[in-house]
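Whatever order the structure lists ligands and atoms in, that order sets their numbers, starting from 1.
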Amino acid sequence: MPTDLVPATAERPAGSGRFAPSPSGDLHLGNLRTALLAWLFARSTGRGFLLRMEDLDRVKAGAAERQLEDLAALGLDWDGPVEWQSRRLPLYEAAIERLTAAGLTYECFCTRKEIQQAVTAPHGPMGAYPGTCRNLTDHEIRQRRDEGRPAALRLRAAVTEFTVTDRLLGEYRGAVDDLVLRRGDGTPAYNLAVVVDDADQGIDQVVRGDDLLPSTPRQAYLATLLGLPLPEYAHVPLVLNTSGQRLAKRDGAVTLRDRAALGESPQHVLCVLADSLGYAGAITPSGLLERFRLENLPQEPWRLDPDGLLQPRKCP
Ligand code: GLU
């Protein structure tokens, strides 16, 4: 495990860490624990900490504001104003234009169903886009446009795999396919937006749930094509329910507001989250930060029974 962490007292590196939720509903305990970890990683290495709302799709009215309230209630702080992806569309278009000018994009007219039904490309990774529209002639493209089919824009990837280094998991080699850059409805795709934003915002540390690890080789490859620096990645274990599945809203009382209705304060919830990381008795993020050591992070997912009261050791 790496031990070359910059102490919080050392001069601050230029970069920042971040938390980038999608405002599709309230954050649950798994999201809050990841946010806390992202904050701890950033602050314990002297970095800034930024919040970015990934509000290009799956937006629920009022959810972003509630998420920010909950993060603040937990005691997390962030630097500068919150960024909103929906206000950054020209940046994504500029990146798409650069890729297109370099001959690295193509229009894709496939429906979801067509992609599912197509066999995977012979040398491509499982589930990868089979490349149906990769080599359409100008005539075929015109035909499809004339049929009124909406076109997504895809990356013309020159590799099928890419290796990234994860601070916690080491080297990870994973699939890269002709990923979507702009969807058929004109919305920039998550993989593009995240890469553009992290670089543009000076984010050099990406801490997030390990469910996103499989997307990371695609993102790192895309960043490389755009000539953008790669951040340090750390994918942290998710919170699981009692059946060992990723925690979800339907698992019961899993949000800060659900817990408040059971009489548990945000400090109590923070204390429970800290306990799950191996730090009993911390009730503020800054108290936890003083004791936090990246190398002691549990490698196992945290299993949670949201039906019961959260009863860790030594919490208020
Ligand atoms: N917005 C993504 C999510 O909430 C996270 C993106 C990221 O951290 O890279 O799942």
Side-chain angles (χ1 to χ4, degrees), residues 15-42 47-60 62-68 70-71 74 76 78 82-89 91-92 95 162 164-169 172 174 176 179-181 183 187-224 226 228-240 245-249 254-256 301:
S16 298
R18 48 73 152 181
F19 184 58
S22 304
S24 54
D26 285 351
L27 297 169
H28 63 51
L29 293 168
N31 309 131
L32 293 171
R33 187 172 184 260
T34 301
L36 176 61
L37 278 169
W39 184 91
L40 286 167
F41 270 65
R47 286 181 166 85
F49 185 64
L50 307 180
L51 266 194
R52 182 173 73 232
M53 279 294 159
E54 303 214 320
D55 62 339
L56 293 181
D57 61 356
R58 296 191 295 135
V59 174
K60 190 168 160 197
E65 290 72 19
R66 288 165 67 94
Q67 291 184 345
L68 296 174
D70 288 354
L71 292 168
L74 217 52
L76 298 182
W78 50 89
V82 175
E83 285 286 355
W84 300 73
Q85 286 191 324
S86 57
R87 299 178 192 167
R88 301 166 61 81
L89 298 177
L91 280 175
Y92 313 134
F162 201 73
V164 293
T165 304
D166 184 279
R167 186 81 194 238
L168 301 173
L169 306 170
Y172 174 80
V176 175
L179 53 110
V180 171
L181 301 169
R183 299 189 326 212
T187 311
Y190 156 68
N191 281 314
L192 174 85
V194 80
V195 163
V196 169
D197 283 340
D198 284 343
D200 180 73
Q201 294 185 268
I203 287 161
D204 65 350
Q205 182 188 58
V206 169
V207 177
R208 56 189 180 187
D210 61 13
D211 55 329
L212 285 166
L213 184 63
S215 299
T216 308
R218 288 180 174 85
Q219 295 173 7
Y221 175 63
L222 189 54
T224 307
L226 286 164
L228 303 174
L230 291 185
E232 164 183 285
Y233 295 105
H235 289 87
V236 299
L238 290 177
V239 179
L240 304 181
Q245 284 146 349
R246 177 178 165 187
L247 190 73
K249 298 277 169 51
V254 292
T255 67
L256 212 53

Checklist entry - Charged N to carboxylate O under 4.0 angstrom, K249 versus D26? => result no

Item to check | Note: R18-D197 ion pair, threshold 4.0 Å (strictly below) | outcome: no

Next on the checklist: Working to the nearest 0.5 angstrom, can you tell me the gap between H28 NE2 and T34 OG1?
Outcome noted: 8.5 Å

Checklist entry - Taking any residue with a non-hydrogen atom under 4.0 angstrom from an atom of ligand 1, which ones do you get? => result R18, A20, P21, S22, E54, Y190, V194, R208, L212

Item to check | Donor-acceptor contact present, side-chain N191 to main-chain Q219, <3.5 Å | outcome: no

Checklist entry - Under 3.5 Å, side chain of E54 to main-chain N/O of P21, donor-acceptor pair present? => result no

Next on the checklist: Determine whether a donor-acceptor pair (N or O, by modelled atom type, separation under 3.5 Å) exists between the side chain of D55 and the backbone of S86.
Outcome noted: yes

